[in-house]
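Working notes, beginning with the structure itself.
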Number of protein chains: 2
Amino acid sequence: MSAGSSPKRRTPPLPGRPVRGSATGRPVMALLDLLGRRWVQRIIWELRGEALSFRALRTACDEVSPSVLNARLGDLRTAGLVELSEAGYRLTPEGQSLLRLMLPLHDWAERWARRWR
Amino acid sequence: MSAGSSPKRRTPPLPGRPVRGSATGRPVMALLDLLGRRWVQRIIWELRGEALSFRALRTACDEVSPSVLNARLGDLRTAGLVELSEAGYRLTPEGQSLLRLMLPLHDWAERWARRWR
DNA sequence: ACTCGACGCTACGAAAATCGTAGCGATACT
DNA sequence: AGTATCGCTACGATTTTCGTAGCGTCGAGT
């Protein structure tokens, strides 16, 4: 490990504690903070099917920088939405229940796109 | 390093054109790019009720920096999700239909929070 | 007319997040 | 030994976000 004991601790958003943009830490605000970080929703989206290795996930996310991917996976693991299994990274049951809320976004986006054709 | 004099235009994510993290421009990827920008989901969330003035919206979003707020409002207006009316900023019908997909996040977050108490 | 306050919004330097590339140590198979 | 993949780290460059100050406009009040 060591990892140089970072001089600045990055705090993943969790319900019940102050997050960016909300001193109250109301759960929905913590969630919006988490989901508003780049690649977070995309990662959840790409894990909708089978488990993916770190590298496969990186490829699925258009070769996202590994430092950011690792940071996001840390956030998501801390939040209890993602876990690393034998087969690779995958959604926890909690993560799957959140994914279920996101799935309708696909069809919505398709309809949205028709306005731009 | 280009000494280019062009002010580097920021392109809001729209379906059908390449966006950050997806050369294809598939609608859902454009949407995830848009929603993954900071404050975007929060802005939609805060506009779930009545129309809000720029300043009221800024206050609702915990005094977010006006430059970022304006940039996001530009993205959202270009995307056809938000419009400026007499009464202030408000969601378009399109934006309201997206909000409807987001509303369940509140209850989900409440349940999520119970794991951390 | 003049001040006052609120409006949408811009400027700009500082700080933080993100990116891109290279590579490490471990493990496994040849 | 050589090759390949694994999760993951380092670190400088770039982009985004932040924080504060303030501009120009408008309508209400005096």
Side-chain angles (χ1 to χ4, degrees), chain A residues 1-13 18-23 32-43 46-47 51-78 82-90, chain B residues 1-4 6-13 18-23 32-43 46-47 50-78 82-90:
Chain A
M1 311 312 295
S2 64
S5 66
S6 51
K8 189 87 171 205
R9 182 84 179 112
R10 209 176 49 81
T11 51
V19 292
R20 265 183 332 195
S22 176
L32 291 184
D33 182 7
L34 177 62
L35 295 183
R37 298 184 177 193
R38 207 163 297 170
W39 296 111
V40 164
Q41 293 183 95
R42 174 70 171 268
I43 290 169
E46 298 297 346
L47 290 179
L52 294 178
S53 73
F54 186 93
R55 287 166 193 237
L57 184 53
R58 177 163 132 80
T59 298
C61 291
D62 205 65
E63 301 299 343
V64 56
S65 152
S67 43
V68 173
L69 177 56
N70 190 45
R72 289 303 167 270
L73 286 172
D75 294 343
L76 287 165
R77 293 164 88 172
T78 300
V82 163
E83 66 189 355
L84 178 55
S85 71
E86 292 284 327
Y89 285 99
R90 68 180 173 196
Chain B
M1 298 302 178
S2 69
S6 60
K8 193 92 184 206
R9 178 87 181 108
R10 208 177 49 81
T11 52
V19 293
R20 267 184 330 197
S22 175
L32 290 183
D33 182 6
L34 177 61
L35 296 183
R37 297 184 177 194
R38 208 163 297 171
W39 296 109
V40 163
Q41 294 183 94
R42 175 70 172 268
I43 290 169
E46 297 298 347
L47 290 179
E50 53 191 6
L52 293 178
S53 73
F54 186 93
R55 287 165 192 235
L57 185 52
R58 178 163 132 80
T59 297
C61 291
D62 206 64
E63 302 299 342
V64 56
S65 154
S67 43
V68 173
L69 177 57
N70 190 46
R72 290 302 168 269
L73 286 171
D75 294 344
L76 287 166
R77 292 165 88 173
T78 301
V82 163
E83 65 189 356
L84 179 55
S85 71
E86 293 283 328
Y89 284 99
R90 68 180 174 197

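So that the names make sense, note that chain A is the first sequence line, chain B the second, and so on, each numbered from 1. Remember, predicted model here, so these are calculated numbers, not experimental data.
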Taking all atoms of both residues into account, what is the closest heavy-atom pair of Glu46(A) and Ala60(A), and its distance? OE2-O, 3.7 Å
Could you give the [atom1]-to-[atom2] distance, from [X] to [N], as a whole number of Å?
{"X": "Asn70(B)", "N": "dA11(C)", "atom1": "CG", "atom2": "P", "value": "10 Å"}
{"X": "Leu57(A)", "N": "dC6(D)", "atom1": "CG", "atom2": "C1'", "value": "14 Å"}
{"X": "Glu63(A)", "N": "dC19(C)", "atom1": "CD", "atom2": "P", "value": "13 Å"}
{"X": "Glu86(A)", "N": "dA28(C)", "atom1": "CD", "atom2": "C1'", "value": "14 Å"}
{"X": "Arg37(B)", "N": "dC18(D)", "atom1": "CZ", "atom2": "P", "value": "14 Å"}
{"X": "Leu84(B)", "N": "dG8(C)", "atom1": "CG", "atom2": "P", "value": "7 Å"}
{"X": "Leu69(B)", "N": "dA11(C)", "atom1": "CG", "atom2": "C1'", "value": "16 Å"}
{"X": "Leu34(A)", "N": "dA17(C)", "atom1": "CG", "atom2": "P", "value": "14 Å"}

Examine distances only and state if a side-chain atom of Arg77(A) and a backbone atom of Glu83(A) form a donor-acceptor pair shorter than 3.5 Å. no
When you measure from the side chain of Arg38(B) to the backbone N and O of Gly36(A), does any donor-acceptor pair fall under 3.5 Å? no
Reckon Ser53(A) touches a base, only the sugar-phosphate, or nothing at all at heavy-atom distances under 4.0 Å? sugar-phosphate
What's Arg38(B) touching, base or sugar-phosphate or nothing? Going by heavy atoms closer than 4.0 Å. sugar-phosphate
With DNA chain D as reference, determine whether Arg20(A) or Leu73(A) sits nearer its 5' end, using the nearest nucleotide of each. Leu73(A)
Of Arg58(B) and Arg55(B), whose closest DNA chain D nucleotide lies nearer the 5' terminus? Arg58(B)
Taking the side chain of [X] as heavy atoms from C-beta outward, which of [options] is closest to it?
{"X": "Ser65(B)", "options": "dT17(D), dG8(C), dG19(D)", "answer": "dG19(D)"}
{"X": "Pro66(B)", "options": "dT20(D), dT18(C), dG8(C)", "answer": "dT20(D)"}
{"X": "Trp39(B)", "options": "dA10(D), dT18(C), dC18(D)", "answer": "dC18(D)"}

For Asp62(A) and Arg77(B), take the nucleotide of DNA chain C holding the closest heavy atom to each; which residue's nucleotide lies nearer the 5' end? Arg77(B)
Taking the side chain as everything from C-beta on, heavy atoms only, tell me whether Val64(A) gets closer than 4.5 Å to Ile43(A). no
Close side-chain approach of Val82(B) to Asp75(B), heavy-atom, < 4.5 Å: no
